[in-house]
Amino acid sequence: MDRKRLAVYPGSYDPLTNGHIDIIQRGLKIFDRIVVAVLRNPDKTYLFGLEERCGMLREVFRGTERIEIDHFEGLLVDYVKGRGITTIVRGLRAISDFEIEFQMALMNRKIDPRIETIFFVPSESYSFLSSKLVKEVYRLGGEVGSLVPPIVDLKLKEKFARRA
Ligand code: PNS
């Protein structure tokens, strides 16, 4: 049987952090191919537009054949099914993530019982890391270039310099 193991790793990626990359690298130990699916939610205000968020991901994973960058709108389950995939990957940083992730996994399963969610735990050095906090640090004039890829560091500096 030559069935490829595929998974979707959905998220806002506003912006991509090294924590996301850590999860993707762990996911690639188990899955043959991971589709990184960037959410476009018209009701939400993002710092980076969809094209910018996808562009940073493409730059970071350029040449990595087992990673595909895509985007979706609406229900994650519909997107996942439309791609013919049944596995969702998410990261669990700390107990505080557990409640919402548990709810999302069960809701997604309720919508379609064939969907399974698999959680990966990032390196403890990223357990405190979130896109939200990274944005806040850069917005207030700090920088944490060791926590994001160089392209994201650059884009954050550009974004907040333009706003200042
Ligand atoms: O990076 P994030 O913001 O933690 O990712 C959250 C995401 C994109 C996985 C979640 O908001 C999502 O799946 N949104 C799509 C809408 C949906 O399917 N909602 C019902 C899921 S319980």
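We count residues from 1, following the sequence as given. As the structure lists them, so they are numbered: ligands from 1, and atoms in each ligand from 1. Atom set for the values below is all heavy atoms of this structure, side chains included, hydrogens, waters and symmetry mates excluded. What you see is a predicted model, and the numbers here were worked out from it, not measured in a lab.
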* Among protein heavy atoms, which sits nearest to atom 15 (C) of ligand 1, and what does the distance come to when rounded to 0.1 Å? -> Gly74 O, 3.5 Å
* Structure fact -> Quick look: Asn41 vs ligand 1, heavy-atom contacts under 4.0 Å, and the answer is neither
* Can you tell me which residue and heavy atom of the protein come closest to atom 20 (C) of ligand 1, and the distance to 0.1 Å? -> Leu75 CD2, 4.0 Å
* Closest protein heavy atom to atom 18 (O) of ligand 1, given as residue, atom name and distance to 0.1 Å -> Leu76 N, 2.8 Å
* Structure fact -> ligand 1 to Asn108, heavy atom cutoff 4.0 Å, flagged ligand atoms 21 (C), 22 (S)
* Structure fact -> Looking only at protein heavy atoms, what sits closest to atom 10 (C) of ligand 1 is Met104 SD, 4.0 Å
* **Distance in Å, Glu68 CD paired with Ile34 CD1, rounded so as to fall on 0.5 Å steps** => 11.5 Å
* Should Arg109 and Val77 be marked as a side-chain contact (heavy atoms from CB on, under 4.5 Å) after you check the CA-CA gap, both sets of side-chain angles, and the distance that decides it? -> CA-CA 9 Å; Arg109 184 190 286 165; Val77 167; over 6 Å; no
* Might you confirm whether atom CD of Glu65 has over 12 heavy atoms from other residues, nucleotides or ligands at distances under 6.0 Å? => no
* Asked: Asp32 side chain to Lys4 main-chain N or O, any donor-acceptor pair under 3.5 Å?
  -> no
* Asked: Among protein heavy atoms, which lies nearest atom 5 (O) of ligand 1, and at what distance?
  -> Arg90 NH1, 3.3 Å
* To do: Run the salt-bridge test on Glu143 and Lys157 with the 4.0 Å N-O cut-off and return the result as yes or no.
  => yes
* Asked: Just wondering, are more than 12 heavy atoms of other shown residues or ligands nearer than 6.0 Å to CD in Gln103?
  -> yes
* Asked: For ligand 1, which part of Leu39 has a heavy atom less than 4.0 Å away: the side chain, the backbone, both, or neither?
  -> side chain
* Asked: N/O of Met107 under 3.5 Å from N/O of ligand 1, yes or no?
  -> no
* State the CD1-CG distance between Ile95 and Asp97, to the nearest 0.5 angstrom. => 9.5 Å
* Asked: So, is Lys44 polar-close to ligand 1, with some N/O to N/O distance under 3.5 Å?
  -> no
* Could you pull out all residues at least two apart from Asn41 that satisfy side-chain contact (heavy atoms from CB on, under 4.5 Å)? => Leu39, Asp43, Lys44, Tyr46
* Asked: Quick one: nearest non-hydrogen protein atom to atom 3 (O) of ligand 1, plus distance?
  -> Ser12 OG, 2.6 Å
* Contact partition for Gln103 relative to ligand 1, non-hydrogen atoms under 4.0 Å -> neither
* To do: Using protein heavy atoms only, decide if any is under 4.0 Å from atom 12 (C) of ligand 1.
  => no
* May I ask you to decide if the ring planes of Phe102 and Phe98 are parallel, tilted or perpendicular, using 30° and 60° as cut-offs? => parallel
* Asked: Ser131 near ligand 1, heavy-atom distance under 4.0 Å?
  -> no
